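Okay, so here's the structure we're looking at.
Side chains included, hydrogens not; waters and symmetry mates left out as well; all remaining heavy atoms used. All values reported here derive from a predicted model rather than from experimental measurement.
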Amino acid sequence: MNLPFGLSVFAVGAAALVILTLAAGVKIVPQGYVYTVERFGRYARSLGAGLALIVPFVERVGRRVNVMEQVIDVPSQQAFTRDNAGVTIDAVVFYQVLDAARASYEVSNLDLAATTLTMTNIRTVVGGMDLDQLLAHRDEINERLLRVMDAAASPWGVKINRIEIKDILLPPDLAGAMARQMKAEREKRASILEAEGQRAAEILRAEGRKQSAILESEGRKEAAFRDAEARERSAEAEAQATNLVSRAIAEGDIAAANFLVAEKYVDAVRALATAPNQRVVVVPIEAAALAGTLGGIGELTRAVFGEGTPPRRAGTPPNVTPPRT
């Protein structure tokens, strides 16, 4: 059955319109994105990743929001510290959209707003710190910026994950002054360490001299003690010998007295002969007295060893037979 030409055109047009309507109502949302749906220009709902349907000609897709973590490279800017030192700071911001509707309709340009907010807070944080604190506490700066930025971006449905200070650049003259200061500090530290080393060495040397003096003093003390003990023993021995000789003399033994006198005499002659500044010794002693003394020694010797040789008379030289009477 053949349809009129006009009816055929209408049927084809109606079929195409139905196909286009169905195609307009079917939406495929890629992973990592969220689409907002607007009904007559007003936000109605959000579409997650996957296949979704909307009412054609009544609803439309409003914003396509990236919900993956994103990074913003904050432009370099100059800021002044609390001690009026000018520095140039580079930073990056990592953020993620948690609420697509609020990120779409609460702020007109999310990237520009986050960048401007970051630059403003960097100047505020840097202005409240000294230069040395700024250079030594980057983690503290990052933490303070993150806390402020996260609170400011929360109404936008955005979570600030991290803020990192990439670099802090100093003016050339200030960098040179800091280099000279660091060099002076290191030289000062080296001088202090060297002085402490010399001091420790002097203390050790003084302790060594002290210990040496103590040991030397103790050595002299011990030597003096032993010398005194030796002299005491010698004096005791001499006293005992003198006591024995005195006892022998008291008992009538003249030979003992002769022995004592001869011993002292020989010692005196030996000392005089062995003097280092003497070359010739003159002994002004009568030969007869010397011979008598030697004779007394000989008699004492015979008396001690018990020999049977008859005693000789005093004044007779040894090995000389006394004259008969």
Side-chain angles (χ1 to χ4, degrees), residues 71 73-94 118-151 160-237 271 274-277:
V71 58
D73 189 2
V74 180
S76 301
Q77 64 172 331
Q78 189 175 16
F80 290 89
T81 62
R82 187 167 53 187
D83 51 355
N84 297 322
V87 295
T88 302
I89 298 180
D90 293 333
V92 290
V93 179
F94 296 87
T118 303
M119 295 176 65
T120 304
N121 284 278
I122 285 177
R123 287 194 295 267
T124 302
V125 173
V126 170
M129 304 177 67
D130 294 332
L131 179 60
D132 294 338
Q133 185 180 5
L134 178 67
L135 296 176
H137 299 85
R138 291 195 181 188
D139 293 338
E140 181 181 350
I141 300 173
N142 296 336
E143 182 180 354
R144 293 175 61 179
L145 287 174
L146 177 61
R147 185 169 58 251
V148 174
M149 286 287 298
D150 191 34
I160 304 298
N161 294 328
R162 293 187 307 277
I163 296 180
E164 300 290 340
I165 300 297
K166 292 194 302 183
D167 199 4
I168 299 177
L169 301 178
L170 301 177
D173 55 345
L174 185 57
M178 293 186 65
R180 292 192 298 270
Q181 179 184 1
M182 181 182 63
K183 182 179 179 181
E185 288 291 336
R186 292 185 179 276
E187 292 177 352
K188 175 183 176 182
R189 191 179 307 171
S191 300
I192 292 175
L193 292 177
E194 184 178 0
E196 289 180 353
Q198 293 177 357
R199 176 188 175 189
E202 291 295 334
I203 291 175
L204 291 177
R205 282 194 289 267
E207 288 291 337
R209 290 192 295 267
K210 177 182 176 182
Q211 293 295 329
S212 177
I214 291 174
L215 293 177
E216 185 178 357
S217 176
E218 290 180 354
R220 290 196 303 269
K221 177 182 177 181
E222 184 68 19
F225 177 77
R226 294 187 179 276
D227 190 19
E229 185 178 4
R231 289 196 301 270
E232 182 181 359
R233 296 291 178 85
S234 178
E236 289 178 357
T274 57
N277 57 351

Give me the atom names and distance for the closest heavy-atom approach of [X] to [Y].
X      : Y      : result
Leu170 : Leu135 : CD1-CD1, 4.2 Å
Pro171 : Gly86  : CD-O, 3.0 Å
Gln78  : Arg123 : O-CD, 4.2 Å
Asp130 : Thr81  : C-CB, 4.3 Å

Residue pair Ile163, Val92: steps toward the side-chain contact (heavy atoms from CB on, under 4.5 Å) verdict: CA-CA 6 Å; Ile163 296 180; Val92 290; over 6 Å; no
Residues in salt bridge (Lys or Arg N to Asp or Glu O under 4.0 Å) contact with Arg233, at least two apart in sequence or another chain: Glu229
Mind checking what makes side-chain contact (heavy atoms from CB on, under 4.5 Å) contact with [X], not counting sequence neighbours?
X      : result
Glu143 : Arg147
Lys183 : Glu187
Arg209 : Arg205, Ala206

How many angstroms lie between [atom1] in [X] and [atom2] in [Y], if you round to the nearest 0.5 Å?
X      : Y      : atom1 : atom2 : result
His137 : Gln133 : NE2   : CD    : 6.0 Å
Glu222 : Arg220 : CD    : CZ    : 13.0 Å
Ile214 : Lys221 : CD1   : NZ    : 12.0 Å
Thr118 : Met149 : OG1   : CE    : 3.0 Å
Glu164 : Asp139 : CD    : CG    : 8.0 Å
Ile89  : Ile141 : CD1   : CD1   : 6.5 Å

Any residue meeting side chain to side chain donor-acceptor pair (under 3.5 Å) with Glu232, in chain and number order, not counting sequence neighbours: none
Expected output: side-chain Gln77 to main-chain Met119 donor-acceptor under 3.5 Å: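 Yes; at least one donor-acceptor contact below 3.5 Å.
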Polar side-chain atom of Asn142 near backbone of Arg138 as donor-acceptor pair, under 3.5 Å: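 Confirmed, Asn142 side chain pairs with Arg138 backbone.
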Residue pairs passing the side chain to side chain donor-acceptor pair (under 3.5 Å) test where at least one lies in residues 165-178, sequence neighbours excluded: Asp73-Lys166
Heavy-atom distance under 4.5 Å between the side chains of [X] and [Y], does that happen here?
X      : Y      : value
Ile165 : Ile168 : yes
Leu134 : Val126 : yes
Asp132 : Asp83  : no
Arg199 : Glu194 : no
Phe80  : Arg82  : no

Option passing side chain to side chain contact (heavy atoms under 4.5 Å, CB included) with Val93 (candidates Leu145, Val71, Val74): Val74
Intermediate values then yes/no, side-chain contact (heavy atoms from CB on, under 4.5 Å), Asp227 and Phe225: CA-CA 5 Å; Asp227 190 19; Phe225 177 77; over 6 Å; no
